[in-house]
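In what follows, a structure is listed as structure tokens, so that the remarks can point back to it.
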Amino acid sequence: MSEHIIRFTVNGVRREQHVAAQRRLIDVLRDDCGLTGTKEGCSVGICGACSVLVDGEVISSCLLPATYADGTTITTIEGLARGGELTPLQDAFITEGGFQCGICTPGQLITATALLAAHPRPTDTQIDEWMTSNLCRCTGYHGIRRAIHKAAVT
Amino acid sequence: MNGFTYHEPTTWPAAQDLIAREPDATMLAGGTAFTLLLRQGLIRPTTVVSLRRISGANRILADSHGGLWIGAMATHSTVVRSPEVRRNWPEFADAAATVATLRIRNQATIGGSVAHADPASDVPVMLAALDAQVIVRKPNAAPRVPIDQLFIDTFTTSLAPGEFIESIQIAGRGPNTRAVYLKYTPRSVDDYATVSVAARAEVEEGRLRAPRIFLGAVGGRPMRAMSVEAALGDGTEARAFADAAALVRSDIDPIDDVRGSAEYKREMARVFVERALRTLVA
């Protein structure tokens with residue numbers, strides 16, 4: 001068994017953590033960093049609840065070995081709003097009914113944030129391509145799509 | 001969950017030295033399949049060696065003959081976005097884009113997919129149809145293995161302990177080379193294939209020569225449609241495609257599972273092989 005020191009920046013804060021080799025990024029984020037906004041849903045990389053940005057790319061934090069976070073810059077749901085000010089995307093999720101129970105919402109917002117960074121004016125097809133991997137059992141997805149369109153033109 | 005000793009060598013020789021000392025080590029690439037297998041208790045490694053720190057291991061290079069060298073650690077997303085892949089083998093980029101979801105493609109690697117040898121994976125099937133060569137690292141040698149010889153059975157390759165994949169080479173194409181990857185996912189787009197077909201051939205004036213056809217998810221490894229290839233022969237016209245495609249039923253060995261019965265997969269294999277052939281000459 002081996003322990004490793006990993007250094008990374010999460011939501012603008014530099015961190016140094018000791019991790020056992022078999023730990024996953026989601027364990028470090030939730031248990032060590034106290035960033036419990038990232039949810040663990042299916043644990044097998046399908047549902048998207050645990051989506052976070054690692055160096056700007058959306059990944060499943062339930063599948064990434066924690067050692068792979070060394071040297072990276074990570075954004076979780078807690079890192080979107082600045083100084084209590086929600087992002088236009090977060091506002092749009094509220095006004096357009098982009099969520100109901102909320103369990104998938106952190107992952108939806110992370111993936112949609114990456115989508116808008118790549119495609120500031122996404123088409124319906126681009127939204128569907130990007131968001132198809134984030135499952136939601138409440139909204140029927142139309143509210144999420146509307147919210148992304150609204151944030152895109154804000 | 002059991003712990004293990006973890007190493008991140010920074011050069012190929014250092015990785016080889018480690019593997020020589022620890023021949024039972026598990027090689028770690030992107031980590032998607034590894035994490036799943038570990039958490040389900042299907043693997044219990046004592047030593048894990050990751051290739052992530054090796055400089056250039058994720059590089060994609062085009063050679064002067066229109067070929068591609070794809071580092072084992074290149075992610076599927078890197079392949080999808082690569083200008084070199086888009087220029088030389090856009091069909092390979094298209095095949096990589098069908099894998100799972102964006103999140104998986106951002107993490108899972110080409111070398112990892114090949115070494116994992118999941119018969120339902122997409123990239124191994126396409127690489128087989130493109131006659132890719134696998135550049136293997138082993139003590140005192142760096143053999144090039146035709147990828148068709150690498151795949152043995154479900155999750156099983158011909159790589160011996162102490163051997164691992166450095167990169168994958170796809171030779172350049174001719175002016176009349178056509179290729180296509182079709183993936184049938186009736187449940188959801190991010191699923192594994194019920195049946196997939198990778199096909200490549202030389203096409204002139206609507207006639208097809210030197211076909212190479214592999215199928216995914218219908219056997220323990222990428223399954224070559226030998227009977228179909230033999231029936232097509234050289235210079236086949238499109239009207240002969242349906243009869244040739246029907247022969248695929250005897251080239252594959254599907255199982256009943258949640259993605260369909262074996263009989264259904266045989267029928268869909270026939271449909272999708274014919275569709276692939278028609279796409280090649282379209």
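In what follows, every heavy atom counts, from backbone to side chain, and hydrogens, waters and symmetry copies are set aside. Throughout, a chain's letter reflects where its sequence line sits, starting with A, and its residues are numbered from 1.
Expressed to the nearest 0.5 Å, how far OG of A/Ser60 lies from CD1 of B/Ile104 amounts to 4.5 Å.
Looking only at side-chain heavy atoms (C-beta outward), A/Thr132 and B/Val189 come within less than 4.5 Å of each other. Contact of the B/Thr35 side chain with the A/Pro65 side chain is registered, since non-hydrogen atoms from C-beta on lie closer than 4.5 Å. Side chains of A/Glu57 and B/Thr75 form no contact here, defined as non-hydrogen atoms less than 4.5 Å apart.
Of all heavy-atom pairs spanning B/Gln107 and A/Leu63, the tightest one is NE2-O, 3.1 Å. The nearest pair of heavy atoms linking A/Met1 to B/Gly3 is CG-CA, 3.3 Å. The minimum heavy-atom distance between B/Leu38 and A/Gln22, with the atom names listed, is CD2-CB, 4.2 Å.
When each of B/Thr32, B/Leu36, B/Asp190 is checked for heavy-atom pairs under 4.5 Å with chain A, B/Leu36 comes out on top. Highest contact tally toward chain B, considering only A/Ser51, A/Gly71, A/Ser43, is held by A/Ser51 [criterion: heavy-atom pairs under 4.5 Å]. Looking only at heavy-atom pairs under 4.5 Å with chain A, the residue among B/Thr47, B/Leu28, B/Thr46 that has the most is B/Leu28. Between chain A and the residues B/Ala29, B/Ala100, B/Pro45, B/Gly31, the largest count of heavy-atom pairs under 4.5 Å involves B/Ala29.
Annotation: B/Arg44, atom CZ; neighbour count of heavy atoms from other residues, nucleotides and ligands within 6.0 Å does not exceed 12. Other residues, nucleotides and ligands place no more than 12 heavy atoms under 6.0 Å from the OH atom of B/Tyr192. Heavy atoms of other residues, nucleotides or ligands lying less than 6.0 angstrom from CD of A/Glu16 number more than 12.
B/Val48 does not touch chain A: none of its heavy atoms, backbone or side chain, sits under 4.5 Å away. Contact of B/Arg53 with chain A is made through the side chain alone, with heavy-atom distances under 4.5 Å.
Put simply, the side chain of B/Asn106 never gets that close to the backbone of A/Ile59: no donor and acceptor are under 3.5 Å apart. At least one donor-acceptor pair under 3.5 Å links the side chain of B/Arg52 to the backbone N or O of A/Thr67. Looking at B/Arg103, its side chain does come within 3.5 Å of a backbone N or O of A/Ile46 through a donor-acceptor pair.
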Inset, instruction - Run the numbers on A/Trp130 and B/Thr101 for side-chain contact (heavy atoms from CB on, under 4.5 Å), then give the verdict. - result: CA-CA 8 Å; A/Trp130 279 68; B/Thr101 63; over 6 Å; no

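Using bins of under 30°, 30° to 60° and over 60° for the plane-to-plane angle, the ring pair A/His4/B/Tyr6 lands in the perpendicular bin.
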